[in-house]
Each structure stands twice: as C-alpha cells, then as structure tokens.
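Okay, structure first, notes after.
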Amino acid sequence: MRVSQYPLATLKETPADAEVISHQLLLRGGYIRRLASGLYTWMPIGLRVLRKAEAVVRAEMDRAGALEVLMPAVQPAELWQESGRWEQYGPELLRLKDRHQREFCFGPTHEEIITDLVRREVRSYRQLPVNYYQIQTKFRDEVRPRFGLMRAREFLMKDAYSFHGSPESLHETYEAMYETYSRIFTRLGLNFRAVQADTGSIGGSASHEFHVLANSGEDTLAVSDQSDYAANIELAEAVAPAAPRAAPAEEMRLVDTPDARTIQELVEQFGLPIEKTVKTLIVHGASDDAPLVALLVRGDHELNAVKAAKLPEVADPLVFAGEDEIRAAIGAGPGSLGPVNLPLPMIADRAVAAMSDFGAGANIDGKHHFGINWERDVALPQVADVRNVVEGDPSPDGRGRLRLVRGIEVGHVFKLGTKYSQAMKATYLDEQGREQVMVMGCYGIGVSRVVAAAIEQNHDERGIAWPAALAPFDVALVPIGMHRSQRLREAIEKLYADLTAAGFAVLFDDRDARPGVMFADMELIGIPHRVVLSERGLDAGEVEYKGRRDDAATQVPLAEIDAFLRQRMGD
RNA sequence: CGGAGUGUAGCUCAGCCUGGUAGAGCACCGCUUUCGGGAGGCGGGGGUCGUAGGUUCGAAUCCUAUCACUCCGACCA
C-alpha cells in the first residue's frame, strides 16, 4: 500500500478527551474516529487490525470444532421476556420499537436467540453437543462509556454458545474453550492470565476470565506467587487467620473521640494500630424482617461488595444505608458505629472474628470503645468472608502468598448450566426417549477490546508497537530523497514490488516528506519492521533495517532483505 | 443516576473575571528554501464562539434554560 493512496490521518497532538494510552494512540495513529460517546468508526488502517484479531479468533474457534453462524443484531422482545431478562437487564439494554410498535432490542448478547434457534433445530441426543459462535457487533448502553475502545457502547464481540446432554459433556467443551482462548491470546502476542471469576448477572456455575495484564486495567486480580492460583479480586477468598484469637489483655473502656469520624482520624489521634480497629458498614438487608444489616471489616481492609451481596441476609445488589436510615435505626451517625450494643444483625469478616482488644464506635456520637473483646464484651456474630484480599494474604489453595495485579478483561468462559434452556424449554430426547433439558456453556471475547488491550501492553513514548499478529502492515518502506532521484525511485519501486510479491504487507511511504516526518508516522502507527533506502545505501548495495523495538538500525545487503525480514518475522 | 468540569478554526488551547472590530501554535492551500528524526520564510483559506432565550446602545464575555462531551462512583467483552 502506498501512503499517497492510503492517507495516514495521524495527529501530532493528543486529543484532550482521550484518557488512556490506547485511546490516545488509536486516535493519533488515525485508527479510529469518535462519532458519539462510546461509538467509533474504524478507519481503513484500524479495520486491518480488527480483521487480523478476528482472523486469529476465527481460526482457533474453527480449529476447536465450533461452527460459525451470524445472528441478527436486532432481537424481538418476546424471547427476552421468556428468559426473564427483558425486566432484569435494565437500562443497559437498548430497546427499540418497529413501525407496528412491536418491541425489540439491539443485542448486547445472544443467549436468548441461540437458545431459541437450538430448541427448534435440535431434537435428539445424537445432535449434541454443538458449539455455535459468531463475530458480531454488540451494543450495551453502558452507564459510563470510557477509555475509547476499552469500554465502548458498540463493540465487536466473538460470542459462542454450546449445548450438551450432560454436565460432563459441558465440562469437556468448557475445557476445550479454555484451551482455545489460551491459544488465541498467545497467538495474538498478549501477556495474559486466566483467573477464576464471579458469574455475575449472566449466571451459571463456573467461570474464568481472561485478562491482559496492564496497569491501566479496570480489574484487580489476585495471583499466588507459588502456585497457579489466580482469581478476580471479586471472588478471591480471604482465608481465616491461622492463629487463634488472642486472649483479652485489656479492659473495654469508653473513650471520647469527638474529632474522629473515620478510621484514619481514629488511628492518627489515638495512636491505635489500624489492625486493631473495626469498620462497621450498614447495608440494606434482603428481607423486611431485617431491613438493615451491619458488616464488620478490619480497619485496614476493604469490603468486597460481590461477596457481601451473595450473603442470604444482604440485599443483592449491595446498597449502603444512608445516614438518615442509620440514625433512625441506631441513634448515632456513621462515624461512631461498632458492634457493642448494636441493635442490628451483624456479620463479621473472618479477620474481625480473630481480633482481640480492638477499637470500634460505641454507637454514640463522638464516642468509641477501645479494648473490645469478643464473647466477653459482645457475642461473636455470624462470621463470613466479606473483604477484599490484600497483597501478602495466604493463597486460598494453601500454597504461597497473593500478589495483586491489574488486568483488562478480554475473554470470559461460563458454564451456564440450564438457566436459559430451562426458562426457554430447550429440550432433547435422550437414549431412552425421555425429554431432557439441555446444558449450556457460553464463551465471549471482546475482539475490539483486544485491539485496545494490545496497545496498553505494547507501546512506548513514540507510539504503538504492534505484536506481529495484529500489525496492520508488516513492513514500513521508507525512501530518503526519492523525489530528487530517479535512480532511487526506480530501485525502491522494485523493492516495493518484490517485497509485496514475496507476501509481505508493505506500507510504502512515497510521500514527498522529510525523513523525520515519515519515521515519526511509521513509529506512531507501530509497524513492526522498517526498511529505509537512500542513495547512499543504494551505492553501497544496502538497505537499513530497524525493528520497532530495536535500539539501533542495522545495514542489510539489498539482495538479502527478503530473507532477513523473513528471519526477523520468524522470531 | 449522583458528584466535578469543559464546550471558541480539523487538532491543542488563549481571550471570559473587568462587555466594545475573534486570536496563537499545529494541520490545510500556493510560492520559496531545505533534505537522515515531526525544519524555515512569504502569502492565503477556514470559526453565526454548542444551541435557544434574556439583560444591554453593544454579548465569546453577564443571566436563564437546554444539548453534547470528559472525569470520579455502582456495571461488563
């Protein structure tokens, strides 16, 4: 491709509304343009990258025996009503009406559609298992679209759905998809990690997320330093302290703490170690009998909302009580709450249950109790794991300690079980002719997000440094002084033709621009290999080669550049 | 949705407080000079200052409403 016929819409300055590096570089490199919040146009060069990501996903899905289909993006409301998600899904579902006032939605995911298809097509156990996938545009009316392609409203997703006659069969496909995902992200050249995950609103029994590791990631992952344990922090278990609770050493006393409304202030003003304090968080309960529930977490720990919402006593999703509600129920404000004399059901974190001689609010404004001990001063309530793990916590598998890293979720595999097949009556006849409900799995990859994630992981101060599998072009061909030298023009035209014929995707910068401009553009857009030809080089029979990540250029005989590139790309 | 902020040329922004002829850099067009790391000179095109009202002799500037966008929180590929 000639740059003169393939305009590079590169920007020297960073658009003000782009926050993360991938968004900035995608805009600056002319890969995408914004239409509206969370909506982007893929420019020609950007589409090349997207298609390459798609190609790897498609090849590996096919290899795993999945069958590609293409379902409509617009879906009738009836199917969503049947699964119950028309009501559940909320405002994230873009709802539409046609000219007859019939209701539709723009698909954010396709469980209902595929389940409807399969229940019509599959009658016999002989037709199972099946695994259908598609690569298609989804729309989710995100509460807060941001970070460019990373959290767009419209995005390209590969979604696959498998149907089975037994949980064992589902497990086989689940494992196969897990392997396939690992192959896909490896081929794409990404540094990734599969982690145990919460099943969230889609439901189901088991799930793993695939994360590209990057500091800009929105998720926190807990990984063991001595085993392969890895989990999203939402799910990572905080194990109970090994040491038994120490015996009381202090008397409980009531202390005036008029200026300490937060744990931080308490620690600063009274010299109390933060591990000797307890936070009392009031949340809405799950039943009218107990409209408010108190969750107790050690002062230096953080409440895990996902874990808390799963407790039967707690409302799901988690809702914090307002100050007015708290005052009405307890008679004291949020800054002075504690377990002693608390007229609410309590649930203590495992770490809290192991504490002794600790400080907490006295449920009287401006007063705290210090030296509190369980059983002696207040009965130990129900104990549960309700906190986020922290760096250095023991790994739940008993091997090693946890480290926390950041990740961008690019893939997710679920065992759905019978959630949709039951609701939508997707059944088949087994060997005995009995009607059975199908067992389902589903498997997603955010294809457009993969593009952004790849940049987050592969860039430097000059721009993008694409992994080979995603690069829009393999080779940037840059002539120096071509517009002043007929001899050079002929030589480089021949080199361009030869390299293209040899199968390389070459971007030939035939602009009448200064070398610095061409170099800067090629590095910004991230072409992995650069070949420079000048008159000087022509005289010496050499071209200059530089890999996008190399520190220095090397001279290569003109006649050998083809083999040299081939060897470099084989690295 | 709650909180914070921003809308002025394709991009980055100044001007607004204190109302009086709409600006700079980059980009773009022409000429020129230069030619291995986003050069320089001369000339040029381009904005009803987000939109709609209001105050005023006069509004980018003050007031009101409205729309859009960004950031911080709960969601997800």
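All values below were derived from every heavy atom in this structure, side-chain atoms included, with hydrogens, water molecules and symmetry-related copies excluded. Order of the sequence lines sets the chain letters (A, B, ...), proteins ahead of strands, with each chain counted from 1.
Salt bridge Glu523(A)/Arg548(A): absent, no basic N to carboxylate O contact under 4.0 Å. Arg146(A) has a carboxylate O that lies under 4.0 Å from a charged side-chain N of Glu218(A), or vice versa, which qualifies the two as a salt bridge.
When the P atom is compared between rA24(B) and rG43(B), the two are found 13 Å apart, to the nearest whole Å. rG23(B) and rA9(B) have their C1' atoms separated by 10 Å, given to the nearest Å. Between rG15(B) and rG3(B), the distance separating the two P atoms is 28 Å to the nearest Å.
Listed nucleotides: rC69(B), rG73(B), rC76(B). Nearest to the side chain of Glu409(A): rC76(B).
Residues Tyr496(A) and Phe508(A) bring their aromatic ring centres within 6.0 Å. Annotation: His412(A) is not in aromatic contact with Phe210(A) [ring centroid separation under 6.0 Å not met].
Going from atom CD of Glu523(A) over to atom P of rG36(B) covers 17 Å, rounded to whole Å. Between Leu93(A) atom CG and rC75(B) atom C1' there is a gap of 14 Å when expressed in whole angstrom units.
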Test Tyr31(A) against Trp466(A) for ring pair (Phe, Tyr, Trp, His ring centres under 6.0 Å), laying out the working first. CA-CA 13 Å; Tyr31(A) 282 94; Trp466(A) 289 114; 5.6 Å; yes

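Proximity of Arg146(A) to the phosphate of rC72(B): a side-chain N or O atom is located under 4.0 Å from OP1 or OP2.
Using a 4.0 Å heavy-atom criterion, one finds that Gly444(A) contacts no nucleic acid atom at all. Contact annotation for Asn232(A): no contact, since no heavy-atom pair falls under 4.0 Å across all strands.
Proximity of residues 9-32 of chain A to RNA chain B (heavy atom under 4.0 angstrom from any strand atom) is restricted to Lys12(A), Glu13(A), Thr14(A), Pro15(A), Ala16(A), Asp17(A), Glu19(A), Arg28(A).
Projected onto RNA chain B by closest heavy-atom contact, Val143(A) and Phe519(A) fall at different nucleotides, the more 5' of which corresponds to Phe519(A).
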